[in-house]
Amino acid sequence: MTWNKIKCNRRELQLVGTLNGGQSFRWEYNKEIDEWIGVFSKTVWKLRQDDEHLQYKVIGTLLNKTSKTTKQRCDGEIFKNLLEKYFRLNFKLSDYYKEWSNKDSLFQSACKQFYGIRMLYQEPVENLFSFICSQNNHISRISTMVEKLCKHYGDKICDHEGTTYYAFPDVEKLSSPQIEAELRDLGFGYRAKFIQKSASQIVEWGGEQWFKSLQEMKYKDARLELMKLCGIGPKVSDCICLMSLNHLEALPVDTHVYQIAAQNYLPHLKGKKSVTEKMYSEIGDHFRMLYGDMAGWAHTVLFCADLKKFQQDENSVPTEENPRKRKKK
DNA sequence: GATGCACCTGACAG
DNA sequence: ACTGTCAGGTGCA
């Protein structure tokens with residue numbers, strides 16, 4: 001099978017920063033051949049880049065099994081459209097980088113090395129349960145937990161080069177009562193209850209339709225609605241708003257973002273033990289003031305720069321302000 | 001309404 | 001090999 005191509009240069013899309021920046025936990029990079037393999041939309045994808053294109057192959061898919069209307073279009077443009085939507089390629093990113101650079105000198109210096117960082121447009125269900133797993137947790141363990149969810153409760157898509165690939169399970173499956181005990185046995189800890197409980201709440205409130213209504217709501221309303229779910233607080237709620245509900249002003253404030261904010265913009269917040277709700281909204285509002293209505297996307301670029309900075313600084317001497325970070329993955 | 005603390009597990013540093 | 005620490009937070013007292 002040959003590679004399909006979408007015109008898109010490296011300034012507009014940088015795969016490593018976008019796929020490995022903590023947005024999705026399902027992409028794997030093969031260094032030897034410079035290719036990515038991953039799953040979204042019940043489809044297994046291989047991706048790579050040249051200077052002028054994003055290249056892709058569809059390794060396997062369940063789409064033609066789930067709907068007849070899809071089947072007719074599967075040979076055509078459907079995969080290209082899915083990919084363009086996933087990477088939000090309709091946004092001219094370099095224009096936004098210019099805009100954010102003009103508004104903020106820190107962004108201006110950070111973005112030089114970290115161009116092409118895109119906000120993925122993810123599926124709400126996968127996004128929500130992945131980030132329930134993310135709380136108080138390492139990226140490496142989050143990835144294995146997400147894979148476990150897929151392997152045990154998702155539909156098999158295909159085998160490829162010795163690995164079996166699974167779609168992310170639907171909410172109905174995760175809502176069944178025995179799930180909590182099963183997930184505990186699988187090592188999910190206290191998150192097991194959150195997953196089962198949230199799933200049944202979502203089913204009760206209308207499943208996919210409920211997510212659709214959240215997209216149509218104002219950001220702040222959608223945020224509060226999500227926080228009614230068990231195991232979803234301010235931070236995870238903002239992750240979901242930003243990454244799968246198209247509320248690009250949503251801005252998740254985690255420990256990293258707090259550090260960045262206190263270090264560079266809001267010095268009076270330095271040295272606090274934890275992020276209170278008041279601090280949380282102060283930090284979010286500051287960035288929204290600074291960058292405007294796509295502040296969440298802009299802050300993700302800063303966040304990536306921060307992650308990578310620590311990876312590069314691995315051999316440097318840790319200080320109190322910059323403690324030794326654990327290796328990601 | 002604000003603050004403090006327990007929470008599952010395993011990856012990683014010492 | 002063998003620990004202690006702690007991670008992209010949240011619920012509950």
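All values below were derived from every heavy atom in this structure, side-chain atoms included, with hydrogens, water molecules and symmetry-related copies excluded. Since we're looking at a predicted model, the values are computed, not measured. A note on names: the letters A, B, ... follow the listed sequences, proteins ahead of strands, and every chain is numbered from 1.
A gap of 23 Å separates the P atoms of dC8(B) and dT3(C), to the nearest Å. Remark: the separation of the P atoms in dA13(B) and dG8(C) is 13 Å, to the nearest Å.
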Contact string for nucleotides 1-6 of chain B, one letter per nucleotide 5' to 3', B = base within protein heavy-atom range under 4.0 Å, S = sugar-phosphate only, - = neither, reads --S---
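If you measure from atom CG of Asp306(A) to atom P of dG8(C), you get 12 Å, rounded to the nearest angstrom. Atom pair Asp238(A):CG and dG9(C):P shows a separation of 13 Å (rounding to whole Å applied). Atom C1' of nucleotide dG10(B) and atom CD1 of Ile142(A) are separated by 13 Å, given to the nearest angstrom. Distance Ile232(A) CD1 to dG8(C) P: 19 Å, rounded to the nearest Å. Regarding Lys193(A), its NZ atom lies at a distance of 15 Å from the C1' atom of dG9(C), rounded to whole Å. Atom CZ in Arg191(A) sits roughly 13 Å away from atom P in dA7(C) (whole-Å rounding). Per the geometry, NE2 belonging to His256(A) stands 12 Å off C1' belonging to dC6(C), to the nearest Å. One interatomic measurement links the two molecules: CE of Met227(A) to P of dG9(C), which rounds to 15 Å at whole-angstrom precision.
Residue-to-nucleotide proximity on DNA chain C shows that, of Gly231(A) and Phe131(A), the 5′-proximal contact is made by Phe131(A). Nearest-nucleotide assignment on DNA chain C puts the 5′-proximal partner with Arg141(A), out of Ser237(A) and Arg141(A). With the nearest nucleotide of DNA chain B identified for both Asn136(A) and Thr144(A), Asn136(A) has the one nearer the 5' end.
Distance from the side chain of Phe194(A) is smallest for dG11(C) among the nucleotides dG11(C), dG8(C), dG9(C). The side chain of Pro234(A) sits closest to dT10(C) out of dT10(C), dG9(C), dG8(C). Across dG8(C), dG9(C), dA11(B), the shortest atom-to-atom separation from the side chain of Val236(A) is found for dG9(C).
Looking at heavy atoms from C-beta onward, Leu13(A) lies out of side-chain contact with Leu93(A) at the 4.5 angstrom threshold.
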For Asn246(A) and Tyr121(A), what are the C-alpha separation, side-chain angles and deciding distance, and is it a side chain to side chain contact (heavy atoms under 4.5 Å, CB included)?
CA-CA 7 Å; Asn246(A) 216 19; Tyr121(A) 189 41; 4.1 Å; yes
List the steps and the verdict of side chain to side chain contact (heavy atoms under 4.5 Å, CB included) for Leu83(A) and Leu54(A).
CA-CA 10 Å; Leu83(A) 209 54; Leu54(A) 167 63; 4.1 Å; yes
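The closest side-chain donor-acceptor pair between Glu12(A) and Ser94(A) falls under 3.5 angstrom. Judged purely by distance below 3.5 Å, without hydrogens or angles, the side chains of Lys46(A) and His160(A) pair a donor atom with an acceptor atom.
The aromatic rings of Phe287(A) and Tyr265(A) sit perpendicular, their planes meeting at an angle over 60°, well past the 30° parallel limit.
Within 4.0 Å of Leu229(A), counting heavy atoms only, lie sugar-phosphate atoms of the nucleic acid but no base atom. Within 4.0 Å of Gly189(A), counting heavy atoms only, lies at least one base atom of the nucleic acid. Here Val257(A) lies out of heavy-atom contact (under 4.0 Å) with every strand. Within 4.0 Å (heavy atoms only), Pro252(A) reaches no atom of the nucleic acid at all. Using a 4.0 Å heavy-atom criterion, one finds that Gly22(A) contacts the bases of the nucleic acid, with or without backbone contacts as well.
Scanning atom types as modelled, one donor and one acceptor separated by under 3.5 angstrom connect the side chain of Tyr190(A) and the base of dG9(C). Scanning atom types as modelled, one donor and one acceptor separated by under 3.5 angstrom connect the side chain of His138(A) and the base of dG10(B).
Under the 6.0 Å distance and 45° angle rule, Arg48(A) does not count as a cation-pi partner of Trp36(A). Cation-pi geometry between Arg11(A) and Tyr115(A) is met: under 6.0 angstrom from the ring centre, within 45 degrees of the axis.
Remark: dG8(C) base-pairs with no nucleotide in the shown strands. Criterion, Watson-Crick or G-U wobble with two distances under 3.5 Å.
Aromatic ring centroids of Phe131(A) and Phe25(A) lie under 6.0 Å apart.
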